[in-house]
Amino acid sequence: MSTPAPHTPPHQAELDLQTVAEDQIEDFERVVTRGFHSDFHGDEWVPERKSYVPGRWFGFRTGDRWVTTALSFPRRMSVPGGMVDVAGVTAVTVAPAFRRRGLLTAMMRHQLTTISEPIAMLYATESLIYGRFGYGSLTRHLRLSGKTRELGFLPEVDLGQGSVDEVDLDHYRTVVVPLRASLLGTRPGHLERDDVWWDGVFTDPERWRDGASAWRFALHFAADGTPDGYATFRTKRDSSIADGREVQVSEIDATTPQAYAALWRWLLDLDLIRAFRRGNAPVDDPLHELVANPRMIKTELSDAAYARIVDVPAALGARSYTVDLDLVIEVVDDFLPKSGGRFRLQGGPDGSGVTRTDHTPDLSLSARQLAAIYLGGTPATTFARAGLLTEHTPGMAGLITSAFGSDPAAFTTDFF
C-alpha cells in the first residue's frame, strides 16, 4: 500500500487564489458540498456544470486542495421598465481550519471586481455575513401554511369559467416555459431561465423530497382552453399541521386573478389533503384576501435574495421609476470605494439616465442601503428613521421611496 502524501497543517499552508479548470470541477464540487455539510452526488451538479464559465469559479488552494470556494452565473433579472444583468453568486465556502484569515473578504473583493454584471445577487445562509461587503436585502418572502378545511374562500371570489387539471412533466414544461417568460416583466426580481436552468428546476432526486412525492404539475386553462396559469407541487402522507396529508406548493402563478384563485382552490381541495405549505411566496401574495378567515394561514416573513450594486449608473439606469426624478445621490462604499461617489439620477416612468457628478448630494446612503431600496424592498424612509440615510434636501427619502417602489412587490422565485 502506498504511503499517503503528508498533510500540511493549516497554519503552515501557503494559499493561492486560483480559478477552476475544467478537469478540477468535480474536486471543487466535492469541497462545496462538504462546506454545506452534505454528501456529494454528481447528478445534483449537472446544471451547474453545463453553466460553467472559466474564471467565474474560483477559490483558495493549498497544494492540491481547495480550502475556499465561490462561483457565479450570468443571469438577467426583471426590473421596473426592463431587465438588468446580474451575477448569481453561490457555493461560497471556507474550510473551518482556514476561517478568520480574511479569505472570504479576498474572494468577495475578487469576485465583485471581476464580474461584468452591474449587480451581484445571492442567498445568504447566514444573514450576518454579507452586509460588510455591501450586500443589502433585495427581496423578502413569506412562508405560508395552514389547515385546508379552514380555508374556504369568500363568496365573492371569482374562479372564472376555466378549469384546472394535472398534467405530466413533458406537457407541463412545453407550456410553462413560454408562459413564465410572458409573466417575467410583471414582477420585479424574477430571473430569466434558459434551458439549463429549467433542467435544474425539474431535477428531483428522491433524497431531496423529505418523504414527500415527486414533483406534480397542474395547469389552469382559460374558458377558450388556453393555458394561463401553472402550479408545481408535492404531496406528503403525514403532515405536522393536521391529521392527514399535506400539499406542498413550490411555484404558482397565472396571467389573471381568476386563474390564480382557481389554482389555489384546486390545490386546497385535493382529496385526502388536510394541510398546505408554501415555502416561498411574495409578500403581497393575494391568498390572504381570497380566504374567508385569513387568520387560519400561518404567515412567516423572512429575508430572501440579497444584492450588491457594483456599477451604480448601469444598475439605476436599467430601470424606470414611478415618478419623475432629478436628484443627486451620494453612495458611500467602504468595501469598493471606486464604485461609490455622487450620481445624478434623472428618470421617470419612461426610463432613466445616471451620470457621475460633483454636485452637492440631495441624499446620502451606503452601498448596502442602495441595494435594499433598489426594487423597493425596504423604503428609504425606513432607513431615514433608523438614522442610516441622510437627507441633505428635505423630503428626498419620501421621494425616493415613492419612485423606487413597485407594484406588485419584488419577488425572486429562483434559489441558488
*Should T360 and V328 be marked as a side-chain contact (heavy atoms from CB on, under 4.5 Å) after you check the CA-CA gap, both sets of side-chain angles, and the distance that decides it?*
CA-CA 7 Å; T360 301; V328 176; over 6 Å; no

*Go through D204 and R234 one step at a time and tell me if the salt bridge (Lys or Arg N to Asp or Glu O under 4.0 Å) criterion holds.*
CA-CA 11 Å; D204 189 27; R234 302 186 193 275; 2.9 Å; yes

*asked:* Between V92 and T69, does the side-chain contact (heavy atoms from CB on, under 4.5 Å) criterion hold? Intermediate values first, please.
replied: CA-CA 5 Å; V92 180; T69 64; 5.9 Å; no

*Which value, rounded to the nearest 0.5 Å, describes the distance between E26 atom CD and T33 atom OG1?*
9.5 Å

_Can a side-chain donor-acceptor contact be found between S213 and R237 if the only test is distance below 3.5 angstrom?_
no

_If you count heavy atoms of other groups shown closer than 6.0 angstrom to CZ of R209, is the number above 12?_
yes

*Any side-chain heavy-atom pair from I373 and L365 closer than 4.5 angstrom?*
yes

*Do L103 and M107 come within less than 4.5 Å of each other through their side chains, counting heavy atoms only?*
no

*Please walk me through it: do D285 and R278 pass salt bridge (Lys or Arg N to Asp or Glu O under 4.0 Å)?*
CA-CA 11 Å; D285 191 286; R278 186 181 181 195; 2.7 Å; yes

*List for me each residue that meets salt bridge (Lys or Arg N to Asp or Glu O under 4.0 Å) alongside R76, sequence neighbours excluded, and say none if there are none.*
D85, E192

*List for me each residue that meets salt bridge (Lys or Arg N to Asp or Glu O under 4.0 Å) alongside D168, sequence neighbours excluded, and say none if there are none.*
none

*Do R193 and D414 pass the salt bridge (Lys or Arg N to Asp or Glu O under 4.0 Å) test, and can you show the C-alpha distance, the side-chain angles, and the key distance before you say yes or no?*
CA-CA 9 Å; R193 293 176 179 172; D414 287 355; 2.5 Å; yes

_Gap between atom CZ of R140 and atom CG of L301 - 0.5 Å precision_ = 6.5 Å

*Compare every heavy atom of H288 with every heavy atom of T299, then report the nearest pair and how far apart it is.*
OG1-NE2, 2.8 Å

*Tell me, yes or no, whether the heavy-atom count around R295 atom CZ, taken from other residues, nucleotides or ligands under 6.0 Å, exceeds 12.*
no

_Within this structure, what is the OG1-CG distance for the pair T148 and D269, rounded to the nearest 0.5 Å?_
8.0 Å

*Could you tell me if the ring centre of F58 sits under 6.0 Å from that of H110?*
yes

*Shortest non-hydrogen contact from A124 to S127?*
CB-CA, 4.2 Å

*Apply side-chain hydrogen bond (donor to acceptor under 3.5 Å, both in side chains) to the pair W208 and E44, showing each step before the final yes or no.*
CA-CA 10 Å; W208 288 1; E44 297 177 5; 3.0 Å; yes

*Run the numbers on F276 and L151 for side-chain contact (heavy atoms from CB on, under 4.5 Å), then give the verdict.*
CA-CA 10 Å; F276 90 98; L151 295 176; 3.4 Å; yes

*Which atom names give the shortest non-hydrogen contact between D324 and P349, and what distance separates them?*
OD1-CD, 3.5 Å

*Validation row: V46, T203 side chains within 4.5 angstrom (heavy atoms)*: no

_Greater than 12 external heavy atoms within 6.0 Å of R149's CZ_ = no

*Does a donor on one side chain and an acceptor on the other come within less than 3.5 Å for H392 and D362?*
no

*So with a 6.0 Å cut-off around CG of D326, is the heavy-atom count from everything else above 12?*
yes

_Sub-4.5 Å side-chain heavy-atom contact between Q258 and V157_ = no

*Should the pair D358-R342 be classified as a salt bridge under the 4.0 Å nitrogen-to-oxygen rule?*
no

*Let me see the working for H141 and N280 under side-chain hydrogen bond (donor to acceptor under 3.5 Å, both in side chains), right down to the final yes or no.*
CA-CA 6 Å; H141 68 186; N280 186 26; 2.7 Å; yes

*Hey, are R56 and E117 close enough for a salt bridge, meaning a charged N less than 4.0 Å from a carboxylate O?*
yes

_Side-chain heavy atoms of L290 within contact of L154, under 4.5 Å_ = no

_4.5 Å side-chain heavy-atom contact, L191 and F416_ = yes

*Check: M396 and T393 side chains under 4.5 Å, non-hydrogen atoms*: yes

_Please tell me whether F217 and Y230 form a close aromatic pair, meaning their ring centres lie under 6.0 Å apart._
no

_Intermediate values then yes/no, salt bridge (Lys or Arg N to Asp or Glu O under 4.0 Å), K50 and D199_ = CA-CA 10 Å; K50 290 180 179 178; D199 289 342; 3.6 Å; yes

_Nearest-0.5 Å distance, CZ of residue R30 to CD1 of residue I25_ = 13.5 Å

*Identify the two heavy atoms, one from A318 and one from M83, that lie closest to each other, and give their separation to 0.1 Å.*
CB-O, 4.0 Å

_Can you confirm whether or not the ring centre of W264 sits under 6.0 Å from the ring centre of F153?_
no

*Yes or no on ring-ring contact (aromatic ring centres under 6.0 Å, His included) for F404 and Y374, after CA distance, side-chain angles and deciding distance?*
CA-CA 6 Å; F404 280 62; Y374 181 63; 7.3 Å; no

_T139 and Y306 side chains, donor-acceptor separation under 3.5 Å_ = no

*Would you say R207 has more than 12 foreign heavy atoms packed within less than 6.0 Å of its CZ?*
yes

_Using every non-hydrogen atom in the two residues, find where A380 and A397 come nearest and quote the distance to one decimal._
CB-O, 3.6 Å

*asked:* Before you tell me yes or no, could you show the steps for D284 and F411 under side-chain contact (heavy atoms from CB on, under 4.5 Å), namely the whole-Å CA-CA distance, both residues' side-chain angles and the distance that decides it to 0.1 Å?
replied: CA-CA 9 Å; D284 58 353; F411 176 56; over 6 Å; no

*Where L112 and A120 come nearest, the two heavy atoms and their spacing*: CD2-CB, 3.8 Å

*Do W215 and F202 have their ring centres less than 6.0 Å from each other?*
no

*Check whether the side chains of S51 and R75 place a donor and an acceptor atom closer than 3.5 Å, and report yes or no.*
no

*Looking at side-chain heavy atoms only, is the closest gap between R216 and T235 below 4.5 Å?*
yes

*Is the W66-F60 ring centre distance short of 6.0 angstrom?*
no

*Give a yes or no on whether a salt bridge exists between K236 and E246, defined as a side-chain N under 4.0 angstrom from a carboxylate O.*
no

*asked:* Are there over 12 heavy-atom neighbours, none belonging to E22, within less than 6.0 Å of that residue's CD?
replied: no

*CD on E391 to CD1 on I400, rounded to 0.5 Å*: 10.0 Å

*In terms of the angle between their ring planes, are W57 and F28 parallel, tilted or perpendicular, with boundaries placed at 30° and 60°?*
tilted

_Other residues, nucleotides, ligands: >12 heavy atoms within 6.0 Å of D16 CG_ = yes

*Does a donor on one side chain and an acceptor on the other come within less than 3.5 Å for H190 and T412?*
no

*Answer yes or no: are there more than 12 heavy-atom neighbours, outside R368 itself, under 6.0 Å from its atom CZ?*
no

